Amino acid sequence: MGGKGAIAIVVALIGLIAAPLLYTAAGNGLFNKPPKPELTLPAGGGKCIEPTEFMRKNHMTLLVHVRDDIVRNGAHKPKYHIEHCKTCHTKRAEFCDKCHNYVGVKPECFDCHYLP
Amino acid sequence: MAKGKITYSTIRGDSPGYYALVCVLGALSLAGFGSAFMMFSQGHYITGMTNAVPWGLPIVIAIYLIGLSAGSLVLSALSSVFGKTEFKAFSRMASLLAALLMISALISIVLDWGKPERILVPFFSINPRSMFSLNGMLYSAYITICFVYLWAMFNEKEKLVKIIGFTAVFWAVLVHSGTGAIFGFVGARELFHSPLLPPSFIAAALSSGTALMIMVLYFTFRFTGRKLDEELLRRLGFYLAMFIIVVAYFVFIENITRSYWPSNYAMQKFLLLSGNKYSLIFWLGMVGCGLVFPFVILINPATGKSVRWILVASALVVTGVLAERYTIVIPGQVLPLEIFPGMNVTSDFQDGQINDYSISLAETLYGLGLTSLVFFLYVLALKFFELMPEEAVIASDIPDTSGTGKN
Amino acid sequence: MSELDRRIFLKLGAAAVIGTTLAPGITLFQAFAQDETEGRTSSKDRWGMVIDTNKCTADCTECTAACRTENNVPLFGDPRYDGHWIRKVTVTPKTDGAHSRSLPLLCNHCEHPPCQHVCPVAATFTREDGIVMIDKHRCIGCRYCMIACPYKARTFVFKNTEKWSNPDVPKRGKGVVEKCTFCAHRIDKGQIPSCVEACNKSGEKAMVFGNLNDPNSEIVQYIREHAPKGLREDLGLEPKVFYKGI
Ligand code: SF4
Ligand code: SF4
């Protein structure tokens with residue numbers, strides 16, 4: 001069996017998989033970290049329903065559970081519905097998007113759902 | 001040749017012709033993936049599919065490749081399961097081809113989804129009542145079986161080869177019945193709803209698989225300059241003729257049953273007599289290329305013994321079965337659904353009118369690309385793995401069924 | 001590494017994996033435990049609809065227009081790709097050309113929905129209250145359901161749509177299948193579907209919507225009195241949209 005050929009294929013495959021990563025990294029400057037997002041606290045000084053740390057880590061899981069609950073069981077405005085978030089965090093661009101851009105995630109939610 | 005001992009080796013694969021072949025096939029597959037990416041990024045409107053005809057060429061290609069795959073796997077098991085040792089020489093190639101065809105078919109199905117990025121969803125949420133979901137499991141197990149079978153053959157584990165050979169044949173039948181059931185179980189569309197679909201899918205798989213194998217064998221041996229006993233092809237040609245009879249029987253029974261009952265007159269008239277592209281594909285493609293012409297070629301003593309003519313017949317069958325897949329998938333959707341029996345229906349959503357489906361450029365590239373992918377990988381694999389026998393000849397101690405020697 | 005070492009190592013690894021996967025789940029479980037459980041759909045309801053084709057006028061498109069605005073149903077200006085949750089069809093008996101009728105056609109929310117049976121990922125499901133819905137977050141866009149639905153009630157999203165005519169309802173991202181939901185989002189708020197509302201408002205009053213499980217509801221009374229029929233009842237899907245006068 002062509003041992004060299006096999007190695008070449010593996011290397012080529014790894015290269016192929018890593019290509020997009022390398023491309024992005026090169027585009028951003030390899031070691032330039034973007035500045036940390038600065039979030040302003042919503043006016044009014046209200047409190048989030050859960051501690052900030054918890055929310056930062058788990059909001060997506062909460063939202064996914066709520067989503068399934070609404071879609072599948074017709075739950076009506078459950079506790080963790082994003083509608084409640086909107087009362088304080090009124091602008092998506094100033095809250096959600098800042099961190100999402102920083103960590104480079106692109107949630108599909110807003111492709112269809114309306115959140116100004 | 002010493003009895004039972006076949007030496008396999010890799011091909012050299014350094015001639016310009018080989019590289020050209022690899023490049024062409026690679027480019028075609030890339031074009032296929034490119035058009036899949038277009039479908040993914042633009043939306044499915046770049047294909048010929050519409051809301052009335054939601055399944056197009058990608059599904060046709062997928063079930064076509066699945067059929068070829070099941071056929072090849074059964075052929076590769078001929079030697080170990082059915083005791084036809086003269087076919088042992090190519091069982092490695094055949095089972096590799098089976099695996100590749102199935103992989104390509106799966107890719108074709110997945111990339112045809114509206115959301116191929118959700119590829120992991122089917123693994124986590126399963127609907128055991130859905131034929132698609134069940135088939136997904138059958139297909140992935142099938143690929144595994146192919147590779148285990150290959151591994152066993154590479155390591156000359158005779159016992160294991162036999163056991164897995166049996167499993168493989170059983171599984172190929174299962175896989176293809178399942179594929180037929182995707183269509184056969186749909187009660188909403190008269191042209192799909194038929195218990196005959198699973199068995200006739202198997203028959204078509206066998207005939208197209210054999211035909212493909214004949215062509216692949218001939219060309220692989222030809223290009224590598226290795227010796228292939230023409231008697232082998234002749235025997236495969238004989239099998240092909242037998243399989244064609246079975247397919248023809250199913251096609252005949254299915255259509256005669258449908259045509260008999262008055263409520264189906266309109267449908268059958270559309271499919272068989274209307275002279276539009278669907279009936280042309282039915283008569284010329286499916287019946288002509290798939291059944292009549294190759295059968296005549298194969299049983300005619302003047303042509304049936306000549307390798308050249310056997311190749312022509314195989315090429316006809318491979319095309320004809322593609323036409324058959326098309327005839328299964330497309331006309332069933334093109335015909336309007338009978339929502340109000342006995343009434344003429346009009347609406348702004350094409351109710352009650354015959355829909356149109358024409359294959360778009362993107363779909364053509366897609367189909368071409370995924371078919372080339374199979375052969376691209378196959379040609380590469382020949383170079384890196386010991387798949388090909390040094391020579392494929394029929395040992396003299398095996399009785400010659402058709403009675404002639406070499407010409 | 002000795003055999004014993006390796007086993008211990010594996011066990012530790014397994015424990016670590018289980019721990020890290022379960023721990024957040026447990027915290028979340030606690031978070032959800034506080035959530036109230038009322039306000040879900042229940043099997044006490046069984047939503048259905050009756051359409052009186054005698055009252056439905058031929059050129060009226062109030063229901064379809066209302067549905068488009070309410071549910072952002074896409075209109076691309078190309079009849080091959082336009083979405084249709086509810087559409088007007090004209091049926092004429094083959095034997096009696098003069099006696100034609102116009103009626104809206106929508107998802108029948110079948111009791112035995114073939115679209116749900118064939119869905120490979122269980123994206124199509126039936127809610128407790130009998131509404132057949134598509135979980136667009138899970139749908140892979142294989143379109144098997146469109147093949148299986150005998151009423152052509154489903155459409156595929158061929159392109160992204162850009163605007164919301166009603167921000168309460170999502171617009172469309174391409175690649176999933178959509179269909180009528182009986183305005184489930186409105187039902188959950190205690191309203192009736194917007195096509196029925198529009199039909200009532202226009203004065204035609206050709207549609208009756210209600211709870212098939214409630215013996216006193218208008219729709220059950222209506223069915224008792226007029227015995228409307230479902231479409232293609234021979235298929236045995238037990239549609240929950242009934243038509244009077246065809
Ligand atoms: S009408 Fe079609 S889409 Fe609606 S529930 Fe029945 S089968 Fe499903
Ligand atoms: S298109 Fe979506 S809803 Fe329809 S069968 Fe496929 S996954 Fe299910």
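Just so it is clear, the structure is predicted and the values come from calculations on it, not from any experiment. Each chain gets a letter, A, B and so on, in the order its sequence line appears, and its residues count up from 1. The basis for the numbers below is simple: all heavy atoms, side chains too, and nothing from hydrogens, waters or symmetry mates.
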- Gap separating the CD atom of B:Gln42 from the CZ atom of C:Phe158, nearest 0.5 angstrom: 14.0 Å
- Going by heavy atoms in the side chains, are C:Val121 and B:Phe132 under 4.5 Å from each other? no
- Message: At a 4.5 Å cut-off on heavy atoms, which part of C:Leu105 comes close to chain B: side chain, backbone, both, or neither?
- Response: side chain
- Between B:Pro54, B:Gly342, B:Ser347, which residue shows the highest count of heavy-atom pairs closer than 4.5 Å to chain C? B:Pro54
- Message: If I compare all heavy atoms of C:Pro120 with all of B:Ser133, which pair ends up nearest, and what's the gap?
- Response: O-OG, 3.2 Å
- Structural part of C:His117 lying under 4.5 Å from a heavy atom of chain B: both
- Tell me, out of B:Phe349, B:Phe123, B:Phe192, B:Phe124, who's got the most heavy-atom pairs with chain C below 4.5 Å. B:Phe349
- Item | Proximal component of C:Asp82, with respect to chain B [non-hydrogen, under 4.5 Å] | backbone
- Message: Could you go through C:Arg80 and B:Asp356, starting from their C-alpha distance and side-chain angles, then the distance that decides it, and tell me whether this counts as salt bridge (charged side-chain N to carboxylate O under 4.0 Å, His left out)?
- Response: CA-CA 10 Å; C:Arg80 289 174 300 172; B:Asp356 186 40; over 6 Å; no
- Message: Would you say CE of B:Met38 has more than 12 non-hydrogen atoms from neighbouring residues, nucleotides or ligands within 6.0 angstrom?
- Response: no
- Item | Point-to-point distance, once rounded to the nearest 0.5 Å, from NZ of B:Lys115 to SG of C:Cys142 | 13.5 Å
- Note: vs chain C, highest number of non-hydrogen pairs under 4.5 angstrom among B:Thr346, B:Val345, B:Val186 is B:Thr346
- Task: For side-chain contact (heavy atoms from CB on, under 4.5 Å), just list the numbers for C:Arg138 and B:Arg118, CA-CA rounded to whole Å, side-chain angles, deciding distance to a tenth of an Å, and then say yes or no.
- Result: CA-CA 8 Å; C:Arg138 192 185 288 182; B:Arg118 294 190 181 162; 5.6 Å; no
- Please look at C:Ile140 and chain B and tell me whether the side chain, the backbone, both or neither of the residue comes under 4.5 angstrom of a heavy atom of that chain. both
- Task: State, yes or no, whether a side-chain contact exists between B:Gln350 and C:Pro79 at a heavy-atom distance under 4.5 Å.
- Result: yes
- List the steps and the verdict of side-chain contact (heavy atoms from CB on, under 4.5 Å) for B:Tyr45 and C:Val157. CA-CA 9 Å; B:Tyr45 71 94; C:Val157 186; over 6 Å; no
- Item | Quiz item: cation-pi between C:Lys174 and B:Phe40, 6.0 Å / 45° | yes
- Item | Evaluation steps, side-chain contact (heavy atoms from CB on, under 4.5 Å), between C:Met146 and B:Gln333 | CA-CA 10 Å; C:Met146 297 173 71; B:Gln333 305 171 65; over 6 Å; no
- Honestly, the part of C:His99 sitting under 4.5 Å from a heavy atom of chain B is neither
- Task: May I ask you to test the B:Arg129-C:Gln116 pair for a side-chain heavy-atom distance under 4.5 Å?
- Result: no
- Got more than 12 heavy atoms from elsewhere within 6.0 Å of NZ, C:Lys163? no
- Note on the structure: Looking only at C:Arg154, C:Lys152, C:Lys159, the option with the highest number of non-hydrogen pairs under 4.5 Å against chain B is C:Lys152
- Against chain B, work out which of C:Pro93, C:Ala122, C:Gly83 has the most heavy-atom pairs shorter than 4.5 Å and name it. C:Pro93
- Query: Would the number of heavy atoms belonging to other residues, nucleotides or ligands and lying under 6.0 Å from OH of B:Tyr265 be above 12?
  - Reply: yes
- Item | Intermediate values then yes/no, side-chain contact (heavy atoms from CB on, under 4.5 Å), C:Tyr144 and B:Ile182 | CA-CA 9 Å; C:Tyr144 197 5; B:Ile182 291 180; 3.6 Å; yes
- Heavy-atom pairs under 4.5 Å with chain C, option from B:Ile339, B:Ile46, B:Val110, B:Ile109 with the top count: B:Ile339
- Message: In the structure I gave you, are the side-chain heavy atoms of C:Arg232 and B:Glu338 within less than 4.5 Å of one another anywhere?
- Response: yes
- At their closest point, which heavy atom of C:Ala148 faces which heavy atom of B:Ala188, and how far apart are they? O-CB, 3.3 Å
- Report the option among C:Ile147, C:Thr155, C:Val176 that has the most heavy-atom pairs separated by less than 4.5 Å from atoms of chain B. C:Ile147
- Of all of B:Thr47, B:Ile126, B:Asp348, which one pairs up most often with chain C through heavy atoms under 4.5 Å apart? B:Asp348
- Item | Side chain / backbone / both / neither for C:Pro114 at chain B, heavy atoms under 4.5 Å | neither
- Task: Let me know if B:Phe340 has heavy atoms under 4.5 Å from chain C in its side chain, its backbone, both or neither.
- Result: side chain
- Message: Quick check for you: among B:Asp112, B:Asn51, B:Asn127, B:Thr50, which has the greatest number of heavy-atom pairs under 4.5 Å with chain C?
- Response: B:Asn51
- For B:Asp351 and C:Val89, indicate whether the former's side chain and the latter's backbone hold a donor-acceptor pair under 3.5 Å. no
- Message: Donor-acceptor check, side chain of B:Trp113 to backbone of C:Arg143, threshold 3.5 angstrom: yes or no?
- Response: no
- Message: Just so I understand: if I count every heavy-atom pair under 4.5 Å between each of C:Ser102, C:Gly173, C:Cys119 and chain B, which residue has the most?
- Response: C:Cys119
